[in-house]
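See below for the structure under consideration.
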Amino acid sequence: MKRSLVKLGIAAVLTVIFAATPAFSKARVIKVSTTTQPTHIYNVGLEHFAKLVKEKTNGELEVQIFPAAQLGSERDAVEGLQLGTLEMTLTSTGPLGNFIPEIKLLNLPFLFKDRDEAYKILDGKIGTGIADKFPAIGIRSLGWYENGFRHITNNVRPINSMKDMAGIKIRVMEDSLFISTMKALGASPLPMAFGELYTALEQGTVDAQENPLVNIDASRFYEVQKHLAITGHFYSPAMLLVSEIFYQSLTPAQQKALAEAATLARDFERNLSIEGDKTTEAKLASKGMTVTHPDKAEFVKAVAPVYKAAAKDIGGGDAAKGQKLIDETLAELGR
């Protein structure tokens, strides 16, 4: 009799414990990797995404964010998605051209005059067509996010014209078009993972770097860079990517919730970038950076050869295919 009562008591206690903690027993964790600092718009946008996912799945899915390259470089994250060892990442397009050549289209210098042009291409048939290629390599796109228009900082001299670019050692993303663009502008490009950049600037391994204003601020590059030139030479989109292995393990309802949350969070994150651009230039100047606004006309003229040479890269070795995509994009933009 006593033994039966003890068993009943244990059963009752376990019932209370499990009833009180349902979230712990059913939530699936989604790890999301970024290489940017916690205050960067990527991570603020992902916090909003995490909240939406929790709401839309009634706590079945829990998004956990790992910023500042805690889980490796952007390329490491993309490869992790393919292997199924990582669920998601929010990444720049820098490493993606090594997997989907057509994405290099978006790395052409001065391709977009403003965000309206960028969104027209990204959210239209061209951007959708590129995104649709990812499942074939074991990854799925959940939307085009934003890093923003990129500008140049350096420790050598203020940049007022192209001649001021001469000989400056500048870190660039690991992409052939970034490299060829900086060479065309007279600089000496050095590909480097973003996680290594602050230390490289601090130690003088490179003189310069190029990034959107919100990234320059969030990464505290003003601590190790003297000059900022508002060049807008690239518009830098980002992609929210999910492992196809993980995605296919979700229920249809969970897949739908993930996609809906991603779209809402995309608009939220883009707006953060827009708002950030309105205030960050002045903030960086207040931190002691010298800010210049060089005339872009000579920069645009200097990079014209990059477009001709880029067709082969964009076409994955097929220049005609790459040129066709460039021409279609320019036509969509009315050029």
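- No hydrogens or angles considered: nothing links the side chains of Ser161 and Asp295 as a donor-acceptor pair under 3.5 Å.
- Checked against Tyr198 for a side-chain hydrogen bond (donor to acceptor under 3.5 Å, both in side chains), the options Arg220, Glu223, Gln225 give a single hit: Glu223.
- Both Met162 and Val306 belong to a single network of hydrophobic side chains, linked directly or stepwise wherever heavy atoms of I, L, V, M, F, W or Y lie under 4.5 Å apart.
- Side-chain polar atoms of Glu146 and Tyr119 form a donor-acceptor pair below 3.5 angstrom.
- The residue from Thr153, Ile170, Thr181, Asn154 that alone fulfils the side-chain contact (heavy atoms from CB on, under 4.5 Å) condition with Glu210 is Ile170.
- No side-chain N or O of Asp175 forms a donor-acceptor pair with one of Thr93 less than 3.5 Å apart.
- The structure places CG of Leu240 at 6.5 Å from CG of Leu46, a figure rounded to the nearest 0.5 Å.
- Salt bridge annotation for Glu328-Lys324: present, with a cationic side-chain nitrogen under 4.0 angstrom from a carboxylate oxygen.
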Salt bridge (Lys or Arg N to Asp or Glu O under 4.0 Å) between Lys56 and Glu260, worked out: CA-CA 9 Å; Lys56 288 179 176 293; Glu260 289 175 349; 3.5 Å; yes
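- Counting all heavy atoms, side chain and backbone alike, Thr231 lies closest to Pro294 at CG2-CG, 3.9 Å.
- With salt bridges taken as basic N to acidic carboxylate O contacts below 4.0 Å, one links Lys283 and Asp217.
- A pairwise comparison of heavy atoms in Asp123 and Arg266 identifies OD1-NH1, 3.6 Å as the closest pair.
- Within the 3.5 Å criterion, the main-chain N or O of Lys226 finds a donor-acceptor partner in the side chain of Asn155.
- In terms of modelled atom types and a separation under 3.5 Å, the side chain of Arg171 and the main chain of Leu197 share no donor-acceptor contact.
- Listed for the Gln70 side chain is no donor-acceptor partner under 3.5 Å among the backbone atoms of Phe66.
- Within the 4.5 Å cutoff, the side chain of Met88 has no heavy atoms near those of the Ser243 side chain.
- Asn43 and Thr34 share a donor-acceptor pair across their side chains, judged by distance under 3.5 Å alone.
- Cluster annotation: Leu86 and Val78 are assigned to the same hydrophobic cluster (Ile/Leu/Val/Met/Phe/Trp/Tyr, side-chain heavy-atom contacts under 4.5 Å, transitive).
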Intermediate values then yes/no, ring-ring contact (aromatic ring centres under 6.0 Å, His included), Phe234 and Phe178: CA-CA 9 Å; Phe234 295 119; Phe178 276 68; 4.1 Å; yes
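- Between Lys163 and Glu298 no salt bridge is recorded (no basic side-chain N to carboxylate O distance below 4.0 Å).
- Counting only heavy atoms from C-beta outward, the side chains of Tyr145 and Met239 never approach each other to under 4.5 Å.
- Under 3.5 Å, the side chains of Ser176 and Asp313 contain a donor-acceptor pair of N or O atoms.
- In this model, a donor atom of one side chain and an acceptor atom of the other lie less than 3.5 Å apart for Arg28 and Ser249.
- In the hydrophobic clustering of this structure, Leu241 does not group with Val53; members are Ile, Leu, Val, Met, Phe, Trp, Tyr whose side-chain heavy atoms approach within less than 4.5 Å, directly or through other members.
- Annotation: the span from Lys169 atom NZ to Ser188 atom OG amounts to 8.5 Å, rounded to 0.5 Å.
- When all heavy atoms are compared, the tightest approach of Tyr307 to Pro109 is OH-O, 2.6 Å.
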Worked check of salt bridge (Lys or Arg N to Asp or Glu O under 4.0 Å) between Arg270 and Glu275: CA-CA 9 Å; Arg270 285 179 177 178; Glu275 292 303 312; over 6 Å; no
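- To the nearest 0.5 Å, the span separating CD1 on Ile103 from CD1 on Ile130 amounts to 6.5 Å.
- Side-chain contact between Asn107 and Tyr235 is absent, with no heavy-atom pair separated by less than 4.5 Å.
- A single hydrophobic cluster is seen to contain both Leu330 and Leu108, as judged by linkage of ILVMFWY side chains at heavy-atom distances under 4.5 Å, directly or through other members.
- A donor-acceptor pair is defined here as one N or O able to donate and one able to accept, closer than 3.5 Å; no such pair exists between the side chain of Thr36 and the backbone of His40.
- Hydrophobic clustering of Ile, Leu, Val, Met, Phe, Trp and Tyr side chains at less than 4.5 Å, counting indirect connections, unites Ile216 with Val291.
- Contact of the Val32 side chain with the Gln64 side chain is not registered, since no non-hydrogen atoms from C-beta on lie closer than 4.5 Å.
- For the atom pair OH (Tyr42) and OG1 (Thr91), the distance works out to 6.5 Å, reported to the nearest 0.5 Å.
- Side-chain atoms of His151 and Gln209 form no donor-acceptor pair, as typed in the model, at a separation below 3.5 Å.
- The main-chain N or O of Thr251 is found under 3.5 Å from a side-chain atom of Gln254 such that the two form a donor-acceptor pair.
- Here the shortest heavy-atom pairing between Leu142 and Ala259 reads CD2-CA, 4.4 Å.
- The shortest distance between side-chain heavy atoms of Lys120 and Glu332 falls below 4.5 Å.
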Step-by-step side-chain contact (heavy atoms from CB on, under 4.5 Å) determination, Lys321 to Glu102: CA-CA 9 Å; Lys321 179 182 175 183; Glu102 290 87 348; 3.2 Å; yes
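- A donor and an acceptor atom, one from each side chain of Asn271 and Glu269, are nowhere located under 3.5 Å apart.
- The minimum heavy-atom distance between Ala77 and Ser33, with the atom names listed, is CB-OG, 4.1 Å.
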Audit row: Phe149, His233, side-chain contact (heavy atoms from CB on, under 4.5 Å) steps and yes/no: CA-CA 7 Å; Phe149 282 94; His233 51 282; over 6 Å; no
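- Here the side chains of Thr89 and Leu81 are in contact, with some heavy-atom distance below 4.5 Å.
- Taken from CD in Glu74 to OG1 in Thr35, the straight-line distance is 4.0 Å, to the nearest 0.5 Å.
- A distance of 14.0 Å separates CZ in Arg157 from OG1 in Thr290, rounded to the nearest 0.5 Å.
- At a threshold of 4.5 Å between non-hydrogen side-chain atoms, the residues Ile159 and Met165 count as touching.
- A side-chain donor from one of Ser273 and Arg115 sits under 3.5 Å from a side-chain acceptor of the other.
- Taking both residues in full, the closest heavy atoms of Phe194 and Ser219 are given as CZ-OG, 3.3 Å, listed atom of the first, atom of the second, then distance.
- Classification of the Phe268-His48 ring pair by plane angle, with boundaries at 30° and 60°, yields parallel.
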Check against side-chain contact (heavy atoms from CB on, under 4.5 Å), Phe99 and Glu79: CA-CA 10 Å; Phe99 301 87; Glu79 291 173 347; 4.0 Å; yes
CA sep, side-chain torsions, deciding dist, call: Ile326, Gln323, side-chain contact (heavy atoms from CB on, under 4.5 Å): CA-CA 5 Å; Ile326 293 172; Gln323 190 60 53; 4.1 Å; yes
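- Counting heavy atoms from C-beta outward, Ile137 and Ile100 have side chains that approach closer than 4.5 Å.
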